[in-house]
Amino acid sequence: MTNPQSSAAELPTQYTPAEVEAPLYERWVERGYFKADEKSGKEPYTVVIPPPNVTGSLHLGHAFEHTLIDALTRRKRMQGYETLWQPGMDHAGIATQNVVERELAKEGKSRHDLGREAFIERVWQWKAESGGKISGQMRRLGDGVDWDRERFTMDQGCSDAVQTIFKRLYDDELIYRAERIINWCPRCLTAISDIEVEYQEDDGELVSIRYGDGDASIVVATTRAETMLGDTAVAVHPDDERYAHLVGTEIELPLTGRRIPIVADEHVDPEFGSGAVKVTPAHDPNDFEIGRRHNLENLNVLDEHGVITAHGPFLGQDRFEARSAIVAALRAEGRIVAEKRPYVHSVGHCSRCKTTVEPRLSMQWWVKVGPLAKAAGDAVRDGRVKVHPKEMESRYFGWIDNLNDWCISRQLWWGHRIPVWHGPNGEIVCVGPDEEPPSGDGWTQDTDVLDTWFSSGLWPFSTMGWPEETDSLAKFYPNSVLVTGYDILFFWVARMMMFGLYAMDGQEPFHTIALHGMVRDQFGKKMSKSFGNAVDPLDWMDKYGSDAVRFTLARGANPGVDVPIGEDWVQGSRNFANKVWNATRFALMNGATVEGPLPPVEQLSSTDRWILSRLNAVVAEVDAYYEDYQFAKLSDALFHFAWDEVFDWYVELSKTTFAEGGPAADASRRVLGEVLDVMLRLLHPVVPFVTESLWTTLTGGESVVIADWPTDSGFRDAAAEAEIAKLQQVITEVRRFRSDQGLQPGQRVPARIDFGDTGLDAHDAAARQLLRLQPEGAGFSETASLPVSGAKISLDLSGAIDFAAERKRLTKDLAAAEKEKKQSEAKLGNEAFLAKAPDNVVEKIRTRLSTADADIARIQTQLDSLPKA
RNA sequence: GGGCGCGUAGCUCAGCGGUAGAGCGCUGCCCUUACAAGGCAGAUGUCGGCGGUUCGAAACCGUCCGCGCCCACCA
């Protein structure tokens, strides 16, 4: 136990987070507080980090997410759970490759200049730097992760997991290879999945083109005129009488000299446009299906860069260049019968580089999603996995129940290479992690890598050693909760659900999915580098402390709702931390202690009983909010309890007690110590640093990180709470009077206090202290009288009263009270109300009425006591 | 085209059947011996519009207006 007096003296009057925070964190790590022991007998609590991409550094969104996870895990650790917060990072295939390619471009090189191996080596170098930066940020933020378990989606273990599940899925025929239309990014030169495509409204031109001539002509419309070079049919609806005579015939495709058939297909909407559709099976997913149904040729006219490969005048032109050239050529031939420009329509863009996506026919690897998605949907339907907030469930189902097969191959270099070997005669062998790949002439490994979400989908168990049956896996799987943003519900969460259930014999990866919103700026605008409102969390942490950033983020965290944050608010949180700091300083200077048991209730003043009653109520409240992931609510509850109740009232009231000394003061010292001890522990998960330095000083304990989480003792004292509420009312009323009178806050005024039958007599000294009222003394002359809640405070202001101001104020208050009375009476006079309203409501109105009556009487008395103007 | 959500104090948001709340901002007085990163006191809203249900609606229902997000193969 440290000596409180000297500890307090050592605390400066201002909290300086920058000096305090970093050393504390390193001490926690050194002492191994965050290590999770898979052999422990304690109940497990597991959260895996949503692995940040190694593409750069953490932004406020990460800081937000980490704050929530850190708070959850710190509380559980304090509650005695064997707690694992699993750290790690994601290789982020396409994103990282793009970043490194940009770096290379600055040197005037492309990845092809380096070659595959050297390029990958280069990415690893980059990962080392970037990864170091990220873990530095996590330390600064205070993330209580088990660093010994840090994983990377490309490390050996995770790679083995990838290979294992690939092989298993392949053997179960849930992975297959097929030529289909995929979304192709002509800049990244890879296939991308449906959800990596961002649609946005673009200006385009819708041209209607006449194919064929005379009676045998037909008009089709398109926004991608260049694809006509690859048309292999025109389709109409089978029941469309306008074109019935043409079905089965051929028509001339302009500019090419080719003749293409007219086919009938249900897919065509006869109401739309001309009711005829050009069919380009190699460049449009719908057309591909039509082509399949009618055995049409898939004529590829664009290469991987989006350049025309069809022979003719357009050969070698970029797709957009060719588009206008072809329209011009058609116009010259008089085949453009209508043009709509601008024609706003939805166009897909690569989510990584914003290039317009090109649907492209190509051979890719696919996961057959049906059975996996069924299981993933059922797990939520059955209630084995809960989605929080519940409103997000419908989004989840909407997606998982309508899922197309997942294209998992990417034509990239950075990622898990597909564990398939192709033989000289077209043989295909899928190789497991402990198997030798086939060797010999002509055998080569598939050049594609896997979608980055393939490995992150394994994260809840690959990080724990799967496919080995490790102790960690047995202990920490399923994860307790997954905390992540709603934006990656589909990208990541759905994949983890599918893979987790599949790989772990139907065991769901986590019990709860807790979705949070996106961090926005203080005006609710999305944060982005291009908009210039993005903030580096380190800046604010250096300026105001990690605690301040964390507290601000937690206070904004309403489930599933976006979180605005502004620098002013962080400042406010810093002020709060400083306030806690100073209140604890005060307590230490006055000998607050945690030594020994709390004095028996009979020996406690009503003030002490009141604050203990409130303290326990807050413990219960905070617990309930934690269980419901209501971070904003629990932070707010703590903020107000600490500041409004403990600091502004309890501490102020206790000053008098301490000044008077005696057994009452000793009891209060113990109670104050208790209140701060519990409060600091309650605050710790959200603001770990300031609470650590204060709690250890206050209690002499080793660390609040490993302290017990407070429990509600069940102690409540309604009478004490009512008594203090009344006292607060009296004091506020007199303060208001003083303020209205223009009395300076520090100015001492002689007063007589008559508490009547309020039962507040014990608070006479405290009231005088808070109100700066002197004993009445000799020659006391009452010039103002304030009846409040049955008490009467008489002041001797020696003619200094501003009666006009007071009369004005009282008149206003009187009108308000009378209005209240009238309304309450009206309600109580309403028979329908009396008949139907519940008793407690009626009772409430009655109370309101009697309060109004009392107020009216009080104000009237005050008015009467004022001298006539 | 479907689905979800939102419009409450100057700003950002809680409240979701019993007569309006928070943070920040704002006004006034004060360096009252823990804290001026503070204290005390105070002002501020026809709870998007219109109908309906109800004894009672910011809250429930309908509708309209404005905004956002997600999904979808609109030639």
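Order of the sequence lines fixes the chain letters, A, B, ..., with proteins taken first and strands second; residue numbering starts at 1 for each chain.
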Distance-only donor-acceptor test (3.5 Å): side chain A/Arg574, base B/A37 = yes

Got a donor-acceptor pair under 3.5 Å from the side chain of A/Gln14 to the base of B/A37?
-> yes

Checking all strands, does [X] fall into the base, sugar-phosphate, or nothing category for heavy-atom contacts under 4.0 angstrom?
{"X": "A/Lys655", "answer": "base"}
{"X": "A/Asp648", "answer": "sugar-phosphate"}
{"X": "A/Phe288", "answer": "nothing"}
{"X": "A/Asn578", "answer": "base"}
{"X": "A/Ala583", "answer": "base"}

Atom pair CZ (A/Arg736) and CG (A/Asp813), whose distance is rounded to the nearest 0.5 Å = 4.5 Å

Under 4.0 angstrom between A/Arg736 side-chain N/O and B/G42 OP1 or OP2 = yes

Listed range with range, the stems formed with RNA chain B by at least 3 consecutive Watson-Crick or G-U pairs (under 3.5 Å) are B:1-7 with B:65-71, B:10-13 with B:21-24, B:26-30 with B:38-42, B:48-52 with B:60-64

First encountered from the 5' end of RNA chain B, between A/Asn582 and A/Phe639 |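 The 5'-side residue here is A/Phe639.
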
Closest-nucleotide ordering on RNA chain B, the 5'-leading residue of A/Phe490 and A/Gly742 |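 Nearest nucleotide further toward 5': that of A/Gly742.
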
If the sugar-phosphate is the primed atoms plus P, OP1 and OP2 and the base is the rest, what is the B/S/- string for nucleotides 8-20 of chain B, using protein heavy atoms under 4.0 Å?
-> ---SSSSS--BB-

